[in-house]
Number of protein chains: 2
Amino acid sequence: MVGIKDVARRAGVSIGTVSNVVNRPHLVSEATRTRVLSVIQELGYVRDESARQLRAGRSRIMALLVLDLGNPFFVDVARGAEQAAHGAGLSVITCNSGQRVDTEAAYLAMLAEQRVRGVLLSTVDTEGEGLDRFRRSGIPHVFVDRKVPGDQACSVSVDDVAGGELAMRHLVEAGHTRIAFVNGPTVLTQCRDRQAGVDAALASAPPPQRHLSVLDATGLDVASGRDAGARLLGMSPRPTAVFCANDLLALGVLQAMVTAGVRVPEEMAIVGYDDIEFAGAAAVPLTSVRQPAVRLGRTAAELLIAETESTGEERQHEHRTVVFTPELVVRDSTRVRRG
Amino acid sequence: MVGIKDVARRAGVSIGTVSNVVNRPHLVSEATRTRVLSVIQELGYVRDESARQLRAGRSRIMALLVLDLGNPFFVDVARGAEQAAHGAGLSVITCNSGQRVDTEAAYLAMLAEQRVRGVLLSTVDTEGEGLDRFRRSGIPHVFVDRKVPGDQACSVSVDDVAGGELAMRHLVEAGHTRIAFVNGPTVLTQCRDRQAGVDAALASAPPPQRHLSVLDATGLDVASGRDAGARLLGMSPRPTAVFCANDLLALGVLQAMVTAGVRVPEEMAIVGYDDIEFAGAAAVPLTSVRQPAVRLGRTAAELLIAETESTGEERQHEHRTVVFTPELVVRDSTRVRRG
DNA sequence: ACAGATTCATGAAACGTTTCAGAAGAGCCG
DNA sequence: CGGCTCTTCTGAAACGTTTCATGAATCTGT
């Protein structure tokens with residue numbers, strides 16, 4: 001593999017000069033610069049980033065570790081992060097843990113060894129071994145979609161308690177009294193918070209008393225939603241409304257209802273969460289709690305960039321905690337149609 | 001930042017020994033090994049991968065460069081690739097070009113500088129500057145979802161011509177004579193091939209003559225599909241069936257139809273492509289051409305691993321070209337319902 | 001007790017860059 | 001012409017690992 005030495009020899013200059021041509025072209029005379037560049041072209045020289053990084057000390061890569069790329073919500077987060085990162089001349093690499101703690105830990109270890117410039121974290125783990133070790137590695141990081149005490153790290157999130165409340169209040173106000181909540185794995189703070197919102201909404205609701213059934217789904221995907229839907233169908237008395245922790249779950253529940261011939265929303269109202277693009281295109285367009293996903297990713301990346309820059313120059317970095325507010329988007333799945 | 005030296009000093013051994021503890025533990029006595037490990041633990045030492053890679057010569061990262069993560073098809077491809085890569089002890093990083101040629105070129109350059117172990121390529125570019133330079137860098141790579149002559153590189157793809165033919169023949173057999181084809185950007189070979197399949201199906205169809213309108217969408221996403229749907233609605237005489245190069249386009253077209261009150265499939269039959277999970281959950285479940293996405297990714301990664309291993313030991317590597325066959329999944333969007 | 005194996009630890013070279021102090025030459029001023 | 005400054009280039013020292021030849025110490029069998 002051709003290295004900087006080969007270029008130097010061939011162009012009849014020192015390796016320092018070649019390096020300057022690549023990194024600080026203004027320090028090199030027009031003549032030598034073009035000569036060196038043409039040799040680089042000719043030999044197909046590609047700088048070895050590991051050597052560069054070893055010496056220069058910093059990487060130009062920002063990583064994004066997400067819970068599940070199968071959820072379009074996180075794809076939007078990634079989009080936002082890329083916008084901001086590219087603006088700052090950084091490349092973004094995405095790592096998908098698929099909500100597996102061990103995969104997540106493996107990625108965290110890899111990113112730490114890689115000495116990435118910074119990492120955007122959306123992890124399952126909140127205080128396990130893997131995450132802990134990573135945090136001690138000293139690599140700048142920002143939590144995405146999880147609120148974290150401001151003295152520990154920056155974080156950008158959406159108020160999940162408020163979101164859960166929004167959804168449940170909507171169902172309560174529509175007059176439902178037997179309501180189900182299909183929650184995802186409660187190891188996820190998002191799921192716990194949304195449930196807290198649900199509970200709060202019910203606690204503050206005016207009489208009469210509502211009955212809430214909580215169904216725990218095994219995952220946050222469409223298949224788990226179908227399972228939950230089947231269980232829902234078997235209940236008696238059957239709830240008349242269901243709030244799902246996630247649009248994917250909601251889509252699965254919806255499929256189960258459609259297949260079983262249960263009319264939505266007349267016999268079963270459904271509310272999802274995230275307002276992914278496919279929610280509005282579903283068999284029955286889904287009412288959902290919208291989160292500003294792209295903005296979440298962009299803001300997180302901006303915070304991360306600010307942090308990596310500040311730690312270099314000033315001594316101090318003040319962690320920031322940004323919390324966005326979710327918004328309810330009402331569609332047919334909870335709206336009894338006229339006519 | 002704590003390095004191998006610090007560990008060595010603190011444990012009272014040489015740096016070579018520390019390295020052995022980490023990489024070839026069997027060469028180190030039980031006693032020193034545990035002592036060194038506990039120091040590593042205590043100091044929170046994390047190996048610097050750039051130094052390691054510089055010396056050891058090879059990375060342990062496989063990259064996947066995809067056209068568009070917003071398309072669940074590619075997320076499935078990524079899933080498959082991860083399965084195979086993890087099996088071989090490699091980490092996968094995903095880079096999303098979003099179909100922008102310049103972003104793509106930037107990622108390719110980054111991956112080359114990074115001296116990644118290998119790259120799975122799903123690019124817009126087929127013979128541009130960026131891709132060319134990357135290929136000359138000598139990093140092993142396998143083309144995913146694009147067939148490439150076997151003397152150039154390995155590739156794993158699905159027969160897009162056959163897929164296009166499958167879809168169009170289905171519409172012809174259902175008796176449609178005014179048919180539209182909503183195609184994506186024709187810079188993509190996938191789109192060109194699917195169109196070729198469409199043409200072939202029409203050419204070989206028995207009389208009467210069919211009329212085909214080709215609409216070029218600006219992207220391969222839902223929004224572009226809505227645009228195309230609007231154009232479709234404005235045509236007169238309006239086609240009675242439409243085949244979309246992509247499920248996302250199809251979902252957009254479907255939305256436009258539903259919004260305009262055009263009944264699907266009675267007034268407008270729709271066929272999509274990819275059979276993403278959301279296709280079956282759509283307002284009207286979509287007929288679609290299914291591709292084995294996960295298998296595509298897995299096979300490609302396996303080929304890549306084989307290539308990286310063979311070039312090390314033997315001198316020869318025989319490029320392989322794998323082509324899968326797509327399959328038509330018929331759903332309500334083309335099936336006139338009984339009753 | 002001794003040669004030969006075996007086990008374990010060491011020290012230094014190498015990997016391909018970046019960076020920096022300084023040399024060489026050119027241009028300018030008095 | 002001597003002393004400046006400027007521009008341009010050089011050579012060597014780092015960066016933090018891995019790896020390998022070498023050496024010291026212990027074990028094995030006779």
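What's counted below: heavy atoms across the whole structure, side chains too, no hydrogens, waters or symmetry copies. All values reported here derive from a predicted model rather than from experimental measurement. A note on names: the letters A, B, ... follow the listed sequences, proteins ahead of strands, and every chain is numbered from 1.
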Quiz item: Per the end-axis method with five pairs at each terminus, what is the bend angle of the helix from dA1(C)-dT30(D) to dG30(C)-dC1(D), to 10°?
Solution: 40°

Exercise. Please answer whether the main-chain N or O of D145(B) pairs with a side-chain N or O of Q190(B) as donor and acceptor at a distance below 3.5 Å.
Key: yes

Quiz prompt | First encountered from the 5' end of DNA chain C, between G12(B) and A51(B) | solution = G12(B)

Quiz item: Rounded to whole angstroms, how far apart are CD on Q53(A) and C1' on dA14(D)?
Solution: 16 Å

Exercise. Considering just the side-chain nitrogens and oxygens of R24(B), establish if one lies under 4.0 Å of OP1 or OP2 belonging to dT18(D).
Key: no

Quiz item: Any Lys/Arg nitrogen of E129(A) or R133(A) sitting under 4.0 Å from an Asp/Glu carboxylate oxygen of the other?
Solution: yes

Self-check item: Shortest side-chain distance from N20(B), nucleotide among dT18(D), dT10(C), dT10(D)
Solution: dT10(C)

Quiz item: dA12(D) C1' sits how many Å from I4(A) CD1, rounded?
Solution: 14 Å

Quiz item: Can you name the closest pair of heavy atoms from V323(A) and V158(A) and give their distance?
Solution: CG1-C, 4.3 Å

Exercise. Evaluate the side-chain contact (heavy atoms from CB on, under 4.5 Å) criterion for residues R58(A) and Q53(A): first the C-alpha distance (whole Å), next the side-chain angles of each, then the deciding distance (0.1 Å), finally the verdict.
Key: CA-CA 6 Å; R58(A) 62 199 316 216; Q53(A) 184 176 328; over 6 Å; no

Quiz item: Phosphate oxygens OP1/OP2 of dA9(C): is one of them under 4.0 Å from a side-chain N or O of S14(B)?
Solution: no

Quiz prompt | Proximal nucleotide (of dT19(D), dT17(D), dT19(C)) relative to the A56(A) side chain | solution = dT19(C)

Self-check item: Atom pair distance, as rounded to whole Å: NZ in K5(A) and C1' in dA12(D)
Solution: 13 Å

Quiz item: When all nucleic acid strands are considered with a 4.0 Å heavy-atom cut-off, which category describes G3(B): base, sugar-phosphate, or nothing?
Solution: sugar-phosphate

Practice problem: Calculate the interatomic distance between E49(B) atom CD and dT17(D) atom P; express it in whole Å. | Solution: 11 Å

Quiz item: dT17(D) P sits how many Å from M1(B) CE, rounded?
Solution: 10 Å

Practice problem: Report the distance from atom CG of D48(B) to atom C1' of dG16(C), rounded to the nearest whole Å. | Solution: 14 Å

Quiz prompt | Distance test, side-chain N/O of S19(B) to OP1/OP2 of dT17(D), below 4.0 Å | solution = no

Exercise. Confirm from the modelled atom types if R55(A) and dT18(C) form a donor-acceptor pair under 3.5 Å, side chain to base only.
Key: yes

Quiz item: To the nearest angstrom, how far is L54(A) atom CG from dA14(D) atom P?
Solution: 14 Å

Quiz item: Of all residues at least two apart in sequence or in a different chain, which pass the ring pair (Phe, Tyr, Trp, His ring centres under 6.0 Å) check with F74(A)?
Solution: none

Quiz item: Does R79(B) pair with D76(B) as a salt bridge, N-O distance under 4.0 Å?
Solution: yes

Practice problem: Measure from CD1 on I15(A) to C1' on dA14(D) and round the result to the nearest Å. | Solution: 12 Å

Self-check item: Of residues 25-39 of chain A, the positions that come close to DNA chain D - non-hydrogen atoms, cut-off under 4.0 Å
Solution: V28(A), S29(A), T32(A)

Exercise. May I ask you to say whether E49(B) pairs ionically with R60(B), meaning some side-chain N is under 4.0 Å from a carboxylate O?
Key: yes

Quiz item: Of the candidate nucleotides dT19(D), dT17(D), dT18(C), which contains the atom at the shortest distance from the side chain of R52(A)?
Solution: dT18(C)

Self-check item: Side-chain H-bond candidate by donor/acceptor type, D125(A) with T123(A), under 3.5 Å
Solution: no

Quiz item: Does T17(B) place a side-chain N or O at less than 4.0 Å from the phosphate oxygens OP1/OP2 of dT10(C)?
Solution: yes

Quiz item: Can you find a side-chain donor-acceptor pair between S137(A) and R115(A) that sits under 3.5 Å?
Solution: no

Quiz prompt | Salt bridge present between D6(B) and R9(B) (N-O < 4.0 angstrom) | solution = yes

